[in-house]
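The structure under discussion appears below in the form of structure tokens.
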Amino acid sequence: MLESVLIANRGEIACRIIRTAKRLGMRTIAVHSDADADALFVQMADEAHLIGPPAARESYLRIDRIIEVAKRTRAASIHPGYGFLSERAEFAQACAENGIVFVGPPASAIKAMGLKDAAKALVQQAHVPVVPGYHGSKQDPDFLRQKAYEVGYPVLIKAVAGGGGKGMRRVDKAADFDAALESAQREAQNAFGDPRVLVEKYILSPRHIEIQVFADSHGNVVHLFERDCSLQRRHQKVIEEAPAPGMTPEMRAIMGKAAVEAARAVGYVGAGTIEFIADGREGLRPDRFYFMEMNTRLQVEHPVTEAITGLDLVELQFRVASGETLPFTQDDLAIHGHAVEARLYAEDPERQFLPSTGKLWALEFPEGDGIRIDTGVEAGDDVSPYYDPMIAKVIAHGATRDEALDRLAGALGDTIVAGPKTNIAFLKKLCEAKEFRAGQFDTGFIDRNMDSLGAIQRETDAEAVRLGVLKLIEHEFEERNYKAAIYEGPVPSPWGEHDAFQLAGPRRQGFSLNIDGERADATLEWSRPVSGDSEIDVAVRFGDGVSHLLDDYLPLDPRRFVLTDDGVIVLSHGRQTRVSPHDPFDVDLEHADGGGTIKAPMHGKLIAVFVKPGDKVEKGQRLAVVEAMKMEHPLVAPSDGEVAEIAAEPGAQVAEGARLIVLKTDA
Ligand code: ADP
Ligand code: ADP
Ligand code: MG
């Protein structure tokens, strides 16, 4: 076996490669950017080396720096993972030139499959069916429009250098062709530095079915069956499974053979994937599938194949790279059960799936039969804006498709992520969608069902807000000495002893909130216990309802509430609601002249002042209470300081904006 491996990648795939490498007794070498200095994969590796700033083109895409580290650390091999440099022939070439084993195919195979037009021409010679269309070199618009007409609409314009679903346009009629061509070319130029496109028939009711192939350097090539990756959004995979629903043994054998032929045609070595598009209108038919492209690397979704074959694909990659013969023939391989993978992303389905970065305040995955989690982050990490915002892959294996999907849905339901918004609830709904369950789906399924999958903007979850406020109050009770808690601090309570500030019966207070960044007001009601001091109930009114500390909040699963630096994130019905106390003095302080002026937030009566000139106060300490419209509004110190002046008498009527207390602040 190879003595060591440098992993030219990051995140979950770097962790996954390190795990197998360690099991095989290899020394593991991580390279990382500044942004990943504390990342899980860096901690897991035997050694780690900084290769540059966060931007990928200055770190993970720097062939020269990575090769330099590999030479310095005497790495026997480099594993490129997926993405980044994994499909760059120059990288494989640079490894070869420096006597480092590239854990992947030869540079020549990467090059041959690198451009979609050349790849189609090549596999066609090997009698592999390709999508009908034009994949020649002519690029003039009149010619391409004529070709589109001959192919017949709808057509798909595709960047020859494409990847990640970029540079692709579906065109339904001739009148739209020129504009679509122009925008596809522009996007291709921007993304790949190559504006060239091909035109192919748009396959109706398309199913994305790909075949995993494996080849050794002794001429043996096998396939490890298929994966169905038809659940896509913007031509990007969301959920993948193996085997493909509706696949027959005959069709599998035919597709498998075609994939093996395609791999042979380029002298392939290692793990590769041949992607096919199948016309699914009448179920899967052997005469209706077509080669799309070959990915000359390990795929993101390789775990589903591992689950159904019992193989470790990364181990096989290492074995084949070190010159070993494949330890099995095609006839030795069989499918066991069914596996599904969901890509858990930090993105917001309620806002067009916008990436959602930031700190992971909580991250917990379930364990269970048939559940595998591949992740590269842990609680406390940041989801950084520099890279793909994938948090984890959740993989479920079962005896049947239903069992696998049930397990996946269950695992998603038991996963806790707080901080960045995620697609967890969306994924769970997908697993449960009736048509998908019945095997009736194609690549348009997600787009057609956005609303029922919950990918629409929804109103603030008022119940979550109320429960969040109660959590903040409970937290305040716990944090401080109980008696102090009830008259000080940013979370207000109207009872205290030293200010003679006591009333019987319920009392009401206003409470200003930040809800997911928006200002809002809630009302608190405090019920004085008849005896003892342990049973104070607080009720929060917000929206149309009211929630009680004792009856509604305390019985809940505490894992639904995740404290942050400034508030709480409430997890409910698959959504996150972020609630923090709003500090009305944040703004005032900025234009205060070296001090803090505490002003009346509204017309009302100053009913209590708890401090006197010369008192030292701490940020958050309760200084006074204004009553307006039968509600109490506590005023708190905006920062540490000393009371310079009390500008109004308790009992006085005060106007909105009136100066009440002036602080000399330390800042
Ligand atoms: P990329 O390199 O971006 O992965 P692919 O050629 O693999 O590009 O296509 C990505 C996705 O676009 C496919 O999975 C499929 O959903 C869709 N697609 C590609 N070609 C066709 C086609 N001819 N007809 C219908 N859909 C297609
Ligand atoms: P139900 O569907 O029964 O009302 P929820 O969906 O509110 O239940 O919560 C089910 C479980 O999922 C709870 O244990 C909760 O901790 C967790 N959960 C709820 N929402 C989220 C979320 N946004 N992120 C992570 N976990 C969540
Ligand atoms: Mg593809």
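Worth knowing before you read on, the calculation uses all heavy atoms, side chains too, and leaves out hydrogens, waters and symmetry mates.
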For this session: Look up atom CG in D46 and atom OG1 in T28, then write down how far apart they are to the nearest 0.5 Å.
Result: 3.5 Å
For this session: Kindly compute the distance separating CG (L405) from CD1 (I239), expressed to the nearest 0.5 Å.
Result: 7.5 Å
Exercise. Can S59 and R10 be counted as having a side-chain donor-acceptor contact under 3.5 angstrom?
Worked result: no
For this session: Assess whether side chain to side chain contact (heavy atoms under 4.5 Å, CB included) is satisfied between L313 and Q212, documenting all intermediate values.
Result: CA-CA 10 Å; L313 264 52; Q212 175 73 54; 3.7 Å; yes
Exercise. Are side-chain N/O atoms of T577 and D461 paired as donor and acceptor at under 3.5 Å?
Worked result: no
Exercise. Could you state the interatomic distance from CD1 (I424) to CG (L412), rounded to the nearest 0.5 Å?
Worked result: 7.0 Å
Exercise. With distance as the sole criterion, is a donor-acceptor pair present between the side chains of H338 and E241 under 3.5 Å?
Worked result: yes
Seminar exercise, completed: Value for CD1 (I211) from CZ (R227), rounded to nearest 0.5 Å, stands at 9.0 Å
Problem set entry | Other residues, nucleotides, ligands: >12 heavy atoms within 6.0 Å of R170 CZ | yes
Exercise. Which atom names give the shortest non-hydrogen contact between A339 and A307, and what distance separates them?
Worked result: CB-CB, 3.6 Å
Problem set entry | Shortest non-hydrogen contact from I110 toward A89 | CG2-N, 3.7 Å
Problem set entry | Side chain E226, main chain A244, donor-acceptor under 3.5 Å | yes
Exercise. Is there a donor-acceptor contact under 3.5 Å from the side chain of R575 to the main chain of V570?
Worked result: no
For this session: Take K421 and E350 through the salt bridge (charged side-chain N to carboxylate O under 4.0 Å, His left out) test and state the conclusion after the steps.
Result: CA-CA 9 Å; K421 301 277 156 122; E350 293 187 40; over 6 Å; no
Problem set entry | Under 3.5 Å donor-acceptor, D216 side chain and V320 backbone | no
For this session: Consider only side-chain N and O atoms of T296 and E87, and report whether a donor and an acceptor are under 3.5 Å apart.
Result: yes
Exercise. Would you say R437's side chain and C431's backbone share a donor-acceptor pair under 3.5 angstrom?
Worked result: yes
Seminar exercise, completed: Nearest heavy-atom approach of L284 to M251 is C-SD, 3.7 Å
Exercise. With no hydrogens and no angle check, is any side-chain donor or acceptor of K120 less than 3.5 Å from a backbone partner on V131?
Worked result: yes
Problem set entry | H302: which of I13, L224, L311, T273 passes side-chain contact (heavy atoms from CB on, under 4.5 Å) | I13
Problem set entry | Where F102 and S86 come nearest, the two heavy atoms and their spacing | CZ-O, 4.1 Å
For this session: State the CG-CG distance between D287 and D279, to the nearest 0.5 angstrom.
Result: 9.0 Å
Problem set entry | Side chain to side chain, T305 and F225, heavy atoms closer than 4.5 Å | no
Problem set entry | Note, S572 side chain near R560 side chain (heavy atom, < 4.5 Å) | yes
Problem set entry | Side chain to side chain, R27 and E47, heavy atoms closer than 4.5 Å | yes
Problem set entry | Neighbour count above 12 (heavy atom, 6.0 Å) for K237 NZ | yes
Exercise. Is there a donor-acceptor pair closer than 3.5 Å between any side-chain N or O of T415 and the backbone N or O of F365?
Worked result: no
Exercise. Within the side chain of N295, is there an N or O that forms a donor-acceptor pair under 3.5 Å with the backbone of L298?
Worked result: no
For this session: Could you walk me through whether K158 and E293 pass salt bridge (charged side-chain N to carboxylate O under 4.0 Å, His left out), step by step?
Result: CA-CA 11 Å; K158 252 189 208 184; E293 65 164 346; over 6 Å; no
Problem set entry | E210 and Q299: side chain donor to acceptor below 3.5 Å | yes
Exercise. Can you find a pair of side-chain heavy atoms, one from P420 and one from L360, that are under 4.5 Å apart?
Worked result: yes
Exercise. Which atoms form the tightest heavy-atom contact between I51 and I66, and what is the distance?
Worked result: CD1-CG1, 4.0 Å
For this session: Report yes if the side chains of F41 and I17 come closer than 4.5 Å at any heavy-atom pair, otherwise no.
Result: no
Exercise. Yes or no on side chain to side chain contact (heavy atoms under 4.5 Å, CB included) for F289 and I209, after CA distance, side-chain angles and deciding distance?
Worked result: CA-CA 9 Å; F289 74 93; I209 296 180; over 6 Å; no
Exercise. Minimum heavy-atom separation for V417 to Q576, with atom names?
Worked result: O-NE2, 3.2 Å
For this session: Classify the side-chain pair S230/D228 by whether it contains a donor and acceptor separated by less than 3.5 Å.
Result: yes
Problem set entry | Flag, side chain of N9 to backbone of Y82, donor-acceptor distance under 3.5 Å | yes
Exercise. Is there a donor-acceptor contact under 3.5 Å from the side chain of Q43 to the main chain of D38?
Worked result: yes
Exercise. Are R207 and F441 in a cation-pi setup, meaning NZ or CZ lies under 6.0 angstrom from the ring centre and within 45 degrees of the ring axis?
Worked result: yes
For this session: Would you check if F91 and P80 make a side-chain contact, meaning some heavy-atom pair closer than 4.5 Å?
Result: yes
Exercise. More than 12 foreign heavy atoms under 6.0 Å from NZ of K22: is that the case here?
Worked result: yes
Exercise. Is the NZ or CZ atom of R448 both under 6.0 Å from the centre of the six-membered ring of F436 and within 45° of that ring's axis?
Worked result: no
Exercise. Any ion pair linking E301 and R343 (charged N to carboxylate O, less than 4.0 Å)?
Worked result: yes
Exercise. Does any non-hydrogen side-chain atom of I456 lie less than 4.5 Å from one of M450?
Worked result: no
Problem set entry | Neighbour count >12 (heavy atoms, 6.0 Å) for atom CZ, F192 | yes
Exercise. Side chains of V5 and S77: does their closest heavy-atom pair fall under 4.5 Å?
Worked result: yes
Exercise. Do other residues, nucleotides or ligands put more than 12 heavy atoms under 6.0 Å from the NZ atom of K201?
Worked result: yes
Problem set entry | Reported CZ-to-CG distance for the pair R401 and D406, which is rounded to 0.5 angstrom | 11.0 Å
Problem set entry | Donor-acceptor contact below 3.5 Å, side chain Y345 vs main chain V238 | no
For this session: Walk me through it: do R16 and D312 pass the test side chain to side chain contact (heavy atoms under 4.5 Å, CB included)?
Result: CA-CA 11 Å; R16 190 258 166 275; D312 179 332; 2.8 Å; yes
For this session: Might you confirm whether atom NE2 of H127 has over 12 heavy atoms from other residues, nucleotides or ligands at distances under 6.0 Å?
Result: no
Problem set entry | Verdict with supporting geometry, Y290 and I203, side chain to side chain contact (heavy atoms under 4.5 Å, CB included) | CA-CA 9 Å; Y290 313 93; I203 302 299; 3.7 Å; yes
